[in-house]
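Data first, discussion second: the structure below is written as structure tokens.
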Amino acid sequence: MAEHVHRVTMFKLPQTEDIETMIEQYRILEASNQKDGKPYLRSVVVGKPEADPRAQGYTLVAKTEFSSFEDMKYYDEECPGHQKLKGVAKTLAVEGILSVYFKPSITGGSPQ
């Protein structure tokens, strides 16, 4: 089983334009991520949750995948694209952020 680190970050952004701004920032991050001269993010998946009470007011979800905790630390502390994304987020009407990360205990699914 791969030892990749998965990270899920959820935002409470009540303004539609702020949601779109963050989606664009993740698009830029995905296209420009670099560490040691090459892309290092294994996966970036971003979207708006469906309208459902279980969303608990979160309006944007981002899932990033890293090869290691070291890469995630680089993302948090040094990655220019992520630093820019965080800077933009600070200018928006963010009412809450929740971020968790994990190494999978189980992976599977149907390859469709």
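For the pair Tyr26 and Val44, the minimum side-chain heavy-atom distance is below 4.5 Å. Looking at heavy atoms from C-beta onward, Glu95 lies out of side-chain contact with Leu13 at the 4.5 angstrom threshold. Looking only at side-chain heavy atoms (C-beta outward), Glu24 and Arg27 come within less than 4.5 Å of each other. Looking at heavy atoms from C-beta onward, Ile19 lies out of side-chain contact with Pro14 at the 4.5 angstrom threshold.
Residues Arg7 and Met72 share a closest heavy-atom pair of NH1-CG, 3.6 Å. Shortest non-hydrogen contact noted between Lys48 and Leu60 is N-CD1, 4.4 Å. Nearest heavy atom pair, residue Tyr58 against residue Pro49, reads O-CG, 3.2 Å. The two atoms that bring Ser99 and Thr9 nearest to each other are OG-OG1, 2.9 Å, heavy atoms only.
Formation of a donor-acceptor pair under 3.5 Å by the Asp76 side chain with backbone atoms of Lys73 is not found in this model.
Within 6.0 Å of CZ in Phe69 there are more than 12 heavy atoms belonging to other residues, nucleotides or ligands. Heavy-atom contacts from other residues, nucleotides or ligands closer than 6.0 Å to CD of Glu70 number 12 or fewer. The environment of Lys86 atom NZ is dense: over 12 non-hydrogen atoms of other residues, nucleotides or ligands sit within 6.0 angstrom. Within a 6.0 Å radius of NZ in Lys63, other residues, nucleotides and ligands contribute more than 12 heavy atoms. For Glu17, the CD atom counts as densely surrounded, since its 6.0 Å shell holds more than 12 non-hydrogen atoms of other residues, nucleotides or ligands.
Two different hydrophobic clusters hold Val61 and Leu41 under the rule that ILVMFWY side chains link at heavy-atom gaps under 4.5 Å.
Asp71 pairs with exactly one of Lys35, His4, Arg42 by the side chain to side chain donor-acceptor pair (under 3.5 Å) rule, that one being Lys35.
Ring pair Tyr75/His82 is parallel by interplanar angle, where below 30° counts as parallel and above 60° as perpendicular.
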